[in-house]
Amino acid sequence: MSPSRRTALGAILSSALLLAVGAPAHAQDKQITLGFAQVGAESAWRTANTISVKSAAKDAGINLKFSDAQQKQENQIRAIRSYIAQKVDVIAFSPVVESGWEPVLNEAKAAKIPVILTDRNIDVQDKSLYVTMIGSDFLEEGRRAGHWLEDHYKNDPGPINIAELQGTVGSAPANDRHAGLMEVIKNDPKFKIIASQSGDFTLAGGKQVMEAFAKTYGKQINVVYAHNDDMALGAIQAMEEAGIQPGKDVSVVSFDATKGGFEAMIAGKINVDVECSPLLGPQLMAAVKDVVAGKQLPKRIVTNETVFPMSVAAQILPQRKY
Ligand code: GYE
């Protein structure tokens, strides 16, 4: 055999060897496919959440199938069914509403596809229908807002009339931000919710509901309790058009603490913003990998959050990531 043929043969042999050695490692590292059923694109929070999920999947080398349910449960159920049919490795979703998930989650269970909940919780008896729930404690957020109100009005005998702009009807954040507030104010008769309606977490929804509130209750309203920044921003527009000064005539309490919320605080129009982080992507991808690797996960992973009063907004805004 000529020396050159010997080298060529050697090269073939060594690459064959490499392939053989590399093969089992590759089989283990098979790319994970994750089906993610998002709520929609209703708010700045949601936009930041979608970006976080997509970029974290990319960083983690996870193949992401993404769908947007346009805030409709039926669309989300359809998306989950299609992920089951496609035999993805893991399904994750942020449930639009709390109830009605048993049938589709039982289908996922029968197909042996683990399900991870992110952002919003569900109301099911059988907790084995999902592996873990990653997201904020909305009840605690509501309590935090309630405590801010108690403190803010501690020297005011009242009555303090609250107009509430609720999030999507039946959603965990709407249910719990309401319940958390009620828990704090229920024993203090000076606080009274005089009006409560859903603005579906959108700016347009918040504006429309606030226009009606301003017409009916006008100057009787002392507090606007908006379940997210987008609705608070819509309500601010409606108040200004009705000749009410948000942040001065009326205290505006909001949730999420987005950049838009911070800018409104700096402008003196939102008095307090209770933080709710949408940056759940990295935690979700870590959980997906753990589930596929057969590791045990805690049933609940709670996001770390705080409260920002108007007075700190200018100083904090540069550090905000959403
Ligand atoms: O507060 C709101 C969004 O589920 C925490 O949904 C989320 C909420 C968030 O539309 O802005």
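We count ligands from 1, going down the list as the structure has it; atoms in each ligand are counted the same way. Keep in mind that this is a model prediction, so the values were computed, not measured.
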**Student:** Does NZ or CZ of K109 lie under 6.0 Å from the centre of the six-membered ring of Y130, at an angle within 45° of the ring axis?
**Tutor:** no
**Student:** Taking the six-membered ring for Trp, are F213 and Y217 parallel (under 30°), tilted (30 to 60°) or perpendicular (over 60°)?
**Tutor:** perpendicular
**Student:** Return the set of residues passing ring pair (Phe, Tyr, Trp, His ring centres under 6.0 Å) with F191 (not counting sequence neighbours), or none when no residue passes.
**Tutor:** none
**Student:** Got a sec, which residues hit side chain to side chain donor-acceptor pair (under 3.5 Å) with D249, two or more places apart in sequence or on another chain?
**Tutor:** none
**Student:** Give the residues near ligand 1 by chain and number, with the criterion being a heavy-atom distance under 4.0 Å.
**Tutor:** E42, S43, W45, R46, D119, R120, F138, P173, R177, F201, N228, D256, C276
**Student:** Test E98 against R120 for salt bridge (Lys or Arg N to Asp or Glu O under 4.0 Å), laying out the working first.
**Tutor:** CA-CA 8 Å; E98 289 194 88; R120 298 183 183 179; over 6 Å; no
**Student:** Just to verify, what does Y83 make a side chain to side chain donor-acceptor pair (under 3.5 Å) with, not counting sequence neighbours?
**Tutor:** S67
